[in-house]
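Some notes on the structure that comes next.
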Amino acid sequence: MSDVNIGLLGLAVLMILFAMGLELALAMFVVGFVGFAYVVNLHAACNLLAKDVFDSFESYTLTVVPLFVLMGQLAYNAGIAKRLYDAAHRFVGHISGGLGIATVTGCAIFGAICGSSAATAATFASVSIPEMDRFGYNRKFSAGLVAISGTLGILIPPSVPMIIYGIITQQSIGRLFMAGIMPGVIIALLFITLIVVRCKVNPAIAPRGKHFGWRERLRSLWGVIWPLLIFVLLMGGLLEGFFTPTEAGSVGTFAILLLSLAKKDLDKKAFIRSVAESLLTATMVLFLLAGSTVLGHFLAVTKIPMFVSEWVVNLPFQPWIIIALICLVYLLGGSFIDDLAFMVLATPIFFPAIVKLGFDPIWFGIMITITVMVGIVLPPVAINVFVVKNVTNTSFKDIYNGVYPFLIGLVGCTILLFIVPQVATFLPNLLYGK
Amino acid sequence: STTVHAQQKTITLNYSNFMPATHKISILAEQWCKEIEKRTNGGVKITIFHGGTLTPATQAYDGVVNGLSDIAQSVFSYHRGRFPLTEFSDLPIGVKNCVAAAKLFNEYYARFKPKEMDDVKVMYLHGNPPSIVQTVRKPVRTLDDLQGLKMRVTPLGTPIAKALGAAPVAMPMGDAYDALSKNVVDGGFLPYEAMEGWKLGEVIKYSTETWPVGFTSAWYVIMSKTKWNSIPPEWQKVIEEVNKEWIEKTGKVWDEVDASGKAFLIKQGGQVITLSAKEGDRWRKAVKPVLDEYVKMTKSKGLPGDKVLKFALDYLKQNQK
Amino acid sequence: MQKIGKLVSGLSSYMSVVAGTTLIFVMLFVVLDVTMRYFGHPITGVYDIVALGGAIVIGFSMPYAAFRRVHVFMEMFQQLQGRIVKQVLGVLTRLMAVGISVLIGWNLIKLGIAFYLKGEASLTIQIAYYPIAFGLGICFFVQVLVFAFQIFQVFSGGDDE
Ligand code: NA
Ligand code: NA
């Protein structure tokens, strides 16, 4: 059997073990280890296992993952979202679809300090859906909107998937962050446009809310100012050179912690819950990364990545079709594994091909992030939909039906990124040079 | 001896190289493989894996010891404490030229036969272009200018930067560009090579040629002992010949890469500052404690660090202008 | 049975407290370094300490994460099948989880011995590597207890924690 075939067999076994109910990370360890032992030798495989685990866990760059997660968790538990939403509500709640616009705006700003889409969706599911219920919004509309607006948290920096992409492909996390801002804002604007258009067509799905006076509006702004301040502190600090992107997670966590302690927004229980949650997420992510390192070493000796990149580059299609196909693979793979997990698994295999085709790695990072955003609201595995269902008890079918119309926003931005890559690359190139 | 060759089975070897495939050092390593294949009439076939896909830089040495690969190229300084005698190669001994550095390291290996590398068969050693002071906004003309500047260093450069009065900041090379352009640091101890290779020449404005305290890191190309012993003696001889030629070749390629980095910097408007002999002595004196520390460390382990250091300094004095 | 469950959950949550405390410490340490660097006095060895801290954070939260089953896994196929198939698959996958964890733990201990014999240490401030490798190895063995305990849970039928 040729090495490539052994590699393919290994991937098939990986899927079988996963389907049997073995944790994906452990399945990657098992297949990587056994495969390496078979192709090279047992002694080498034992050593590889220990070394890869040690290097993944004892790593400066990977330690930033729990810190960025902690920052989002603290923001989630400190009631920031509620205040953001309230303020937006007071400004636009009185127009048709206004609470929907407030939700998108709130998610976008909250996403600027939280790097997780699930945390963003969970927050707004509990904050804005009851409010939209109160004013007679269609539940399909509101639940779908929250599920998809939650995804903004991973496109607008900081973003845990972008950090992981940056670590795997050795791209500057700072550049990736900056590259996410414009597409994030564009998608938020597209969502708002979609809301306005849909309300024009059918005003019954999102009736007008209460009208607030300017005094109340201005007073509510106080709740918006400090999460925005933290975002400005983070991005400004990065650009002014006070700290590096890898340090930003610590600085952001510290700032949110100080502010929420000073404002007594965070009790001991919420604090402990935040820390515990970030430990769990970080361990999950790092296990995946360590497992994929072992698996990756096995695949490397079978020459699969070389084979894939040769094959992909020589496909008789336009490069943009190839990229679209790769995104489709991510979408399909993510739909039956887990979008983040599949990204960890597939990126080392496809990335060499992307580079060979001459695409900007930062741009591709944004494309993959948007693909992940689509993945987390599409069946069968749609984390954000699960989250919204858990919080609001809306049926899966209703949430999915609510999500579909808004997918136009994500697809629209993807097409825009194909035509005008500068939407992603302009800001990082302007701010960091080149 | 053609009959012997005919009976001999072809030997295939895996070579793990952590540098990207496009780097000149990787291309040269590939030529090394081809040369050996050619001179053994296809008897020894070597497949090279670039970019650390087989073993990353930090695992390359153990990868050879444990059979993950048969040959590997990487840098000793990823293993602090494991090659104590060879740690002289990271010291500010005044490396200016990579041909001299490569020859020095191989001479050292031949002369002192360090036990710390007993678990592998050394093919040859070399050293990357030496690090010097490179700054973004403030030109460093004398040692006084360096005082308190935040300088990006590799972990092993930390004591050197400290001894010279700079504030050492450690960060991955991948972060260096953004950190320099955003003034997280004022500069770095960097080789000219990084000006082009990492595009740092776009942000660096001043290069101070601090050759008197120039420092490099020793790189190894090693083979598994079992694999080496399985190769028939006449092919072993061929490989040793190729190795000998590659010492100077590798040094030359590094020097070319470094010169090209310097040209890139100048093209970008960078300014080169040189030190007077008197000023150079000040720098040399400032780093003396770092050299003493090495001697002390090796002595505590019963190793002849003092002799190695003296040999290295003398060698560079005679072989570098 | 329940006693064992209490022991496993107690041990893993106790360890996660250590992990959480370390995470907060790492965060404060980085902030301190950023501040000190601004005033021209960066801390030497931040890199080494953050990396070491990261190993403690992940190592010590590993058993808790395994206990809470946060790792990405697929239940659907198991649920489509009857009880017997579900139990067989449950036991099989738990045995594999135990096996690979033992293997990783054991090889980390061996790696620790190699680090000790060769004196390898972190690059800047030379923190010895061997205690980290030993520590991670032990964390994997605690994780083995968690996975082993999950075998009993397969038969008690519940995913109850
Ligand atoms: Na975000
Ligand atoms: Na999905």
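Throughout, protein chains are lettered first and strands after them, A, B, ... in sequence-line order, and every chain is numbered starting at 1. Hydrogens, waters and symmetry mates are skipped; everything else that's a heavy atom, side chains included, is used.
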Please lay out, stage by stage, how A:Phe18 and C:Phe73 fare under the test ring-ring contact (aromatic ring centres under 6.0 Å, His included). CA-CA 7 Å; A:Phe18 182 59; C:Phe73 74 106; 8.5 Å; no

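- Only the side chain of A:Leu257 comes within contact range of chain C, with heavy atoms under 4.5 Å apart.
- For C:Phe134, the CZ atom counts as densely surrounded, since its 6.0 Å shell holds more than 12 non-hydrogen atoms of other residues, nucleotides or ligands.
- Heavy-atom distances place both the backbone and the side chain of C:Ile104 under 4.5 Å from chain A.
- Looking at C:Tyr47, the atoms closer than 4.5 Å to chain A (heavy atoms on both sides) sit in the backbone and in the side chain alike.
- Only the side chain of C:Ile24 comes within less than 4.5 Å of a heavy atom in chain A; its backbone stays farther off.
- Note: C:Ala51 leads C:Ala51, C:Gly112, C:Ala133 in heavy-atom pairs under 4.5 Å with chain A.
- Heavy-atom distances place no part of A:Ile272 under 4.5 Å from chain C, backbone and side chain included.
- Note on C:Ser61, C:Ser13, C:Ala66, C:Gly59: by heavy-atom pairs under 4.5 Å with chain A, the leading option is C:Ser61.
- Proximity to chain C involves both the backbone and the side chain of A:Phe29, based on heavy atoms less than 4.5 angstrom apart.
- Only the side chain of C:Leu28 comes within less than 4.5 Å of a heavy atom in chain A; its backbone stays farther off.
- Taking the six-membered ring for Trp and thresholds of 30 and 60 degrees, A:Phe68 and A:Phe177 have ring planes more than 60 degrees apart, a perpendicular arrangement.
- Considering only heavy-atom pairs separated by less than 4.5 Å from chain A, the leading option among C:Tyr38, C:Trp106, C:Phe60 is C:Tyr38.
- For the set A:Val285, A:Val275, A:Leu286, the entry with the most heavy-atom pairs within less than 4.5 Å of chain C is A:Leu286.
- In summary, the aromatic rings of A:Phe396 and A:Phe386 are positioned with their centroids under 6.0 Å apart.
- Both the backbone and the side chain of A:Leu280 come within less than 4.5 Å of a heavy atom in chain C.
- Not less than 6.0 angstrom separates the ring centroid of A:Phe298 from the ring centroid of A:Phe36.
- Contacts of A:Thr283 with chain C are made by both backbone and side-chain atoms, with heavy-atom separations under 4.5 Å.
- The two residues A:Glu247 and C:Asp33 come nearest to each other via the heavy atoms OE2-OD2, 4.1 Å.
- Per-residue heavy-atom pair counts under 4.5 Å with chain C were compared for A:Ala282, A:Ser59, A:Ala276, and the maximum is reached by A:Ser59.
- With a 4.5 Å cut-off on non-hydrogen atoms, C:Phe140 touches chain A through its side chain but not through its backbone.
- Interface remark: of the candidates A:Thr61, A:Leu340, A:Leu67, A:Val251, A:Leu67 forms the most heavy-atom pairs closer than 4.5 Å to chain C.
- No donor-acceptor pair under 3.5 Å is formed between the side chain of A:Thr347 and the backbone N or O of A:Val344.
- A donor-acceptor pair under 3.5 Å is formed between the side chain of C:Asp48 and the backbone N or O of C:Ile125.
- Of the atoms belonging to C:Ile109, not a single heavy atom falls under 4.5 Å from chain A.
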Between A:Gln73 and A:Ser278, does a side-chain hydrogen bond (donor to acceptor under 3.5 Å, both in side chains) hold up when you go through it step by step? CA-CA 7 Å; A:Gln73 281 296 326; A:Ser278 62; over 6 Å; no

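- Of the two parts of C:Leu111, only the side chain, counted from C-beta on, holds a non-hydrogen atom closer than 4.5 Å to a non-hydrogen atom of chain A.
- A:Phe54 and C:Phe115 have tilted rings, their planes meeting at an angle from 30° to 60° on a 0 to 90° scale.
- For the pair C:Arg37 and C:Phe39, the cation does not sit on the ring face, since its NZ or CZ is not both under 6.0 Å from the ring centre and inside 45° of the axis.
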